[in-house]
S.K.: 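Before I ask anything, let me first share the structure, which is written out below as structure tokens.
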Amino acid sequence: MDEAIAGELRLADPAVRASRAEAARLLHPDFVEVGASGRRWTRDEMLAELPEMAGSSEDGPRYEISGLTGTQLATDVVHLTYESVIAGRRARRSSLWRRRSCPEGAGWQLYHHQATPTDGGRDMGRVPDAGSSGS
């Protein structure tokens with residue numbers, strides 16, 4: 001669990017985001033992301049564009065992460081959830097990390113990531129009270 005959390009935090013580090021080699025070590029060969037925009041990213045697409053994305057510059061906006069928690073789903077799979085803010089944009093995030101042991105490299109790698117934008121003001125997970133319109 002601790003290694004997956006450390007990996008997630010490293011991916012928010014501008015130095016790692018700006019380095020294709022560093023980011024590649026953390027992304028599983030079958031990595032897929034569904035971003036806050038709804039776009040589906042493959043590993044190759046993410047590695048190509050990550051250095052130019054928000055949060056990839058030492059003097060630009062940085063990811064603020066809160067509420068990071070994890071659950072071990074299997075001996076080699078960890079599910080992490082948290083909230084992020086970057087440049088005023090909030091999102092709820094979910095990551096699946098898988099442990100690999102192969103000649104190319106061993107350790108925990110990000111297998112799947114999903115970001116869901118939130119408005120930051122309402123509790124998006126709140127169930128409306130009976131009789132209310134929920135809006």
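FYI, the numbering just counts along the sequence from 1.
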S.K.: Return the CG to CG distance between L11 and D13, rounded to the nearest 0.5 Å.
M.R.: 9.5 Å

S.K.: Between S94 and T81, does any side-chain donor sit less than 3.5 Å from a side-chain acceptor?
M.R.: no

S.K.: Y82 and M1: same hydrophobic cluster, using ILVMFWY side-chain contacts below 4.5 Å?
M.R.: yes

S.K.: What I'd like to find out is whether the side chain of E8 reaches to under 4.5 Å of the side chain of I5, using heavy atoms alone.
M.R.: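 Side-chain contact under 4.5 Å: no.
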
S.K.: Is the ring pair H28/Y111 parallel, tilted or perpendicular, if the boundaries are 30 and 60 degrees?
M.R.: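 Perpendicular, since the angle between the ring planes exceeds 60°.
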
S.K.: Contact between W108 and R98 at the side-chain level, heavy atoms closer than 4.5 Å - yes or no?
M.R.: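 W108 vs R98: side chains apart.
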
S.K.: Taking the side chain as C-beta and beyond, is there a heavy-atom pair between R62 and P14 under 4.5 Å?
M.R.: yes

S.K.: Determine the minimum heavy-atom distance between T75 and Q72, stating which atoms define it.
M.R.: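 Closest approach of T75 to Q72, heavy atoms only: O-NE2, 3.3 Å.
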
S.K.: Side chain of R90, backbone of S84: donor and acceptor closer than 3.5 Å?
M.R.: no

S.K.: Kindly give the heavy-atom pair with the smallest separation between R17 and G55, and that separation in Å.
M.R.: CD-O, 3.1 Å

S.K.: Do the non-hydrogen side-chain atoms of L26 and V16 ever get within less than 4.5 Å of each other?
M.R.: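 In contact.
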
S.K.: Tell me, please, which residues at least two apart from Y63 pass side-chain hydrogen bond (donor to acceptor under 3.5 Å, both in side chains).
M.R.: none

S.K.: Just how far is it from atom OG1 of T69 to atom NE2 of H79, taken to the nearest 0.5 Å?
M.R.: 8.5 Å

S.K.: For the side chain of Q109 and the backbone of R25, is there at least one donor-acceptor N/O pair under 3.5 Å apart?
M.R.: yes

S.K.: Between the side chains of S57 and D59, does any donor sit under 3.5 Å from an acceptor?
M.R.: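 Note: S57 and D59 side chains meet the donor-acceptor criterion.
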
S.K.: Here's one to test your reading of the geometry: is the NZ or CZ of R99 within 45 degrees of the ring axis of W97 and under 6.0 Å from its centre?
M.R.: no

S.K.: S37 side chain to R39 main-chain N or O, any donor-acceptor pair under 3.5 Å?
M.R.: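 Checked: pair present.
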
S.K.: Do you see a donor-acceptor pair shorter than 3.5 Å between the side chains of T118 and R92?
M.R.: no

S.K.: Considering all heavy atoms of both residues, which atom of L47 and which atom of A24 are nearest to each other, and what is their separation?
M.R.: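 Nearest pair, atom of L47 first, then A24: CD2-N, 3.6 Å.
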
S.K.: Any non-hydrogen side-chain atom of I65 less than 4.5 Å from a side-chain atom of L9?
M.R.: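 Yes; the side chains approach each other to less than 4.5 Å.
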
S.K.: Ignoring hydrogens and angles, tell me if any N or O in the side chain of E22 forms a donor-acceptor pair with the backbone of S19 under 3.5 Å.
M.R.: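 Answer holds: no.
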
S.K.: Using the rule that two of Ile, Leu, Val, Met, Phe, Trp, Tyr join whenever any of their side-chain heavy atoms come within less than 4.5 Å, decide whether M53 and V34 are in one cluster.
M.R.: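 M53 and V34: separate clusters.
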
S.K.: Does R20 reach the main-chain N or O of L50 with its side chain, forming a donor-acceptor pair under 3.5 Å?
M.R.: no

S.K.: Less than 4.5 Å apart, side chain to side chain, heavy atoms only: is that true for R93 and E83?
M.R.: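 No. Closest side-chain heavy atoms not under 4.5 Å.
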
S.K.: Quick one: are L96 and L80 in side-chain contact, heavy atoms under 4.5 Å?
M.R.: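 L96 does not reach L80 side chain to side chain.
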
S.K.: Can a donor-acceptor pair be found between the side chains of H113 and S95 at a distance below 3.5 Å?
M.R.: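 Yes - a donor-acceptor pair under 3.5 Å links their side chains.
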
S.K.: Mind listing the closest non-hydrogen atom pair of S56 and P51 along with its distance?
M.R.: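 Minimum heavy-atom separation between S56 and P51: CB-O, 3.3 Å.
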
S.K.: With a 4.5 Å cut-off on side-chain heavy atoms, are M46 and E33 touching?
M.R.: yes

S.K.: For atom CD of E58, is the number of surrounding heavy atoms from other residues, nucleotides or ligands below 6.0 Å larger than 12?
M.R.: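 More than 12 within 6.0 Å, yes.
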
S.K.: Return the CG to CG distance between D30 and L27, rounded to the nearest 0.5 Å.
M.R.: 11.5 Å

